[in-house]
Engineer: 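Take a look at the following structure, please.
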Amino acid sequence: QAQLVESGGGLVQAGGSLRLSCAASGRTFSRYAMGWFRQAPGKEREIVAAITWSSSTHYADSAKGRFTISRDNAKNTVYLQMNSLKPEDTAVYYCAGRFDYLGGTTYVRENEYNYWGQGTQVTVSS
C-alpha cells in the first residue's frame, strides 16, 4: 500500500505562486498514476491535474496555462506548480494515486484512485 503526504499549501495573494508536493511511500511509485484534486467549501471535489507514470498529463480547464503537474520518480514525489493564482483557487488540495500496470492513462475521477493524502489548504486572497 502507498501512503501519500502533501505539503506546500498556504496563504498567497492573487497573482502569486505556490508549489505543492506529494511524497509517496512504496517501491512501485514509478508505476503509479497520480492526480491532484481540490475541494472548495460547499463544493464537490474536482480534478485539477493528472499524470501517468510516463509523465503524460491532463489538466482541468481551470488549470490550463497556470498549473503544471510533474513527477520525480527518484524522489517518489509528484508536484503541482500553481502560478497566477486566483481567489477561486482557494480549496483543500488532495494528492491521489493508483497503481497502473499498463500506463498511458490519465485518471480524472475520484473513484479511479485508491490512495489519498490528507490534503493541504491553499488560500488565495484578493
Side-chain angles (χ1 to χ4, degrees):
Q1 289 193 349
Q3 289 187 321
L4 306 177
V5 179
E6 303 99 334
S7 61
L11 174 63
V12 64
Q13 288 188 332
S17 298
L18 282 174
R19 188 176 81 156
L20 305 183
S21 299
C22 173
S25 63
R27 295 177 293 176
T28 56
F29 175 78
S30 62
R31 300 299 293 271
Y32 272 66
M34 303 295 295
W36 284 99
F37 290 74
R38 69 185 182 186
Q39 186 167 22
K43 295 187 177 182
E44 294 186 351
R45 191 153 52 181
E46 62 179 4
I47 185 70
V48 176
I51 188 167
T52 68
W53 53 253
S54 58
S55 293
S56 296
T57 58
H58 166 88
Y59 295 94
D61 287 344
S62 60
K64 287 178 181 176
R66 299 188 300 127
F67 294 2
T68 302
I69 188 171
S70 61
R71 65 191 299 156
D72 185 336
N73 289 337
K75 295 182 178 180
N76 278 18
T77 301
V78 64
Y79 304 98
L80 184 68
Q81 177 68 44
M82 304 187 294
N83 299 328
S84 303
L85 282 162
K86 305 174 182 179
E88 50 264 44
D89 294 317
T90 295
V92 178
Y93 283 71
Y94 297 90
C95 173
R98 61 166 287 159
F99 183 78
D100 189 19
Y101 181 76
L102 293 177
T105 301
T106 49
Y107 298 93
V108 299
R109 290 189 290 269
E110 286 186 68
N111 62 6
E112 294 178 312
Y113 288 92
N114 305 112
Y115 306 107
W116 291 84
Q118 79 289 352
T120 186
Q121 177 70 46
V122 171
T123 303
V124 184
S125 63
S126 57

Engineer: What pair of heavy atoms forms the shortest contact from Leu85 to Arg66, and how long is it?
Structural biologist: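 It is CA-NH1, 3.9 Å.
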Engineer: Whether Arg98 engages the ring of Tyr115 as a cation-pi pair (distance to the six-membered ring centre under 6.0 angstrom, angle to the ring normal within 45°) should be assessed.
Structural biologist: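 No.
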Engineer: Taking the six-membered ring for Trp, are Phe37 and Trp116 closer than 6.0 Å centroid to centroid?
Structural biologist: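 Ring centres of Trp116 and Phe37 closer than 6.0 Å.
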Engineer: Taking Thr28 for its side chain and Arg31 for its backbone only, find out whether a donor-acceptor pair lies under 3.5 Å.
Structural biologist: no
Engineer: Honestly curious: do Ile69 and Ile47 fall in one hydrophobic cluster under the side-chain, below-4.5 Å linking rule?
Structural biologist: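 Result: no, two separate clusters.
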Engineer: In this structure, would Trp53 and Ile51 fall into the same cluster of hydrophobic residues linked by side-chain contacts under 4.5 Å?
Structural biologist: no
Engineer: Using a 3.5 Å distance criterion without hydrogens, assess whether the side chain of Gln3 forms a donor-acceptor pair with backbone atoms of Ala24.
Structural biologist: no
Engineer: Quick one: do Tyr93 and Gln39 satisfy side chain to side chain contact (heavy atoms under 4.5 Å, CB included)? Show the steps, please.
Structural biologist: CA-CA 7 Å; Tyr93 283 71; Gln39 186 167 22; over 6 Å; no
Engineer: Can you find a heavy atom in the side chain of Asn73 that is under 4.5 Å from one in the side chain of Phe29?
Structural biologist: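 In short, these two side chains touch, coming nearer than 4.5 Å.
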Engineer: Please test Cys95 against Val78 for side chain to side chain contact (heavy atoms under 4.5 Å, CB included), starting from the C-alpha separation and ending with a verdict.
Structural biologist: CA-CA 8 Å; Cys95 173; Val78 64; 3.9 Å; yes
Engineer: Is NZ or CZ of Arg45 both nearer than 6.0 Å to the six-membered ring centre of Tyr94 and within 45° of the ring axis?
Structural biologist: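 Yes - Arg45 lies over the ring of Tyr94, closer than 6.0 Å to its centre and within 45° of its axis.
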Engineer: Apply side chain to side chain contact (heavy atoms under 4.5 Å, CB included) to residues Asp89 and Phe67 and explain how you reach the verdict.
Structural biologist: CA-CA 11 Å; Asp89 294 317; Phe67 294 2; 3.8 Å; yes
Engineer: As an exercise, state the distance from OG1 of Thr77 to CG of Leu20, rounded to the nearest 0.5 Å.
Structural biologist: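 Interatomic distance, Thr77 OG1 to Leu20 CG, rounded to 0.5 Å: 12.5 Å.
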Engineer: Of the non-hydrogen atoms in Ala14 and Pro87, which two are nearest, and what is the gap between them?
Structural biologist: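 That closest heavy-atom pairing would be CB-CD, 4.1 Å.
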Engineer: Kindly work out whether a path of hydrophobic side-chain contacts (I/L/V/M/F/W/Y, heavy atoms less than 4.5 Å apart) joins Leu18 to Leu80.
Structural biologist: yes
Engineer: With side chains defined as the heavy atoms from C-beta onward, is the minimum distance between Val12 and Ser125 less than 4.5 Å?
Structural biologist: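 Counting from C-beta outward, Val12 and Ser125 never come under 4.5 Å.
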Engineer: May I ask whether Phe99 and Trp36 are part of the same hydrophobic cluster, defined by side-chain heavy atoms of I, L, V, M, F, W, Y residues being less than 4.5 angstrom apart, directly or through others?
Structural biologist: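 Yes, Phe99 and Trp36 fall within the same hydrophobic cluster.
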Engineer: Verify whether one side chain among Asn83 and Ser17 offers a donor that lies under 3.5 Å from an acceptor in the other.
Structural biologist: yes
Engineer: Between Gly97 and Tyr32, what is the shortest heavy-atom contact and its length?
Structural biologist: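 Closest heavy-atom pair between Gly97 and Tyr32: C-CD2, 4.1 Å.
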Engineer: Can Lys64 and Asp61 be counted as an ion pair, charged N to O under 4.0 angstrom?
Structural biologist: yes
Engineer: Arg38 pairs by salt bridge (Lys or Arg N to Asp or Glu O under 4.0 Å) with which of Glu46, Glu110, Glu6?
Structural biologist: Glu46
Engineer: Starting from the C-alpha separation in whole Å, work towards a yes-or-no answer on side chain to side chain contact (heavy atoms under 4.5 Å, CB included) for Cys22 and Met34.
Structural biologist: CA-CA 10 Å; Cys22 173; Met34 303 295 295; 4.2 Å; yes
Engineer: Of all heavy-atom pairs between Thr105 and Ala33, which one has the smallest distance, and what is that distance?
Structural biologist: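 Looking at all heavy atoms of both residues, the shortest contact is O-CB, 4.2 Å.
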Engineer: Treating Ile, Leu, Val, Met, Phe, Trp and Tyr as nodes and any side-chain heavy-atom pair under 4.5 angstrom as an edge, say whether Leu4 and Tyr79 lie in one connected cluster.
Structural biologist: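 No: no chain of side-chain contacts under 4.5 Å links Leu4 to Tyr79.
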Engineer: Okay, side chain of Thr90, backbone of Glu88: is any donor-acceptor separation there less than 3.5 Å?
Structural biologist: no
Engineer: Would a distance-only check, ignoring hydrogens and angles, find a side-chain to backbone donor-acceptor pair under 3.5 Å from Tyr113 to Tyr107?
Structural biologist: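 At least one qualifying donor-acceptor pair exists.
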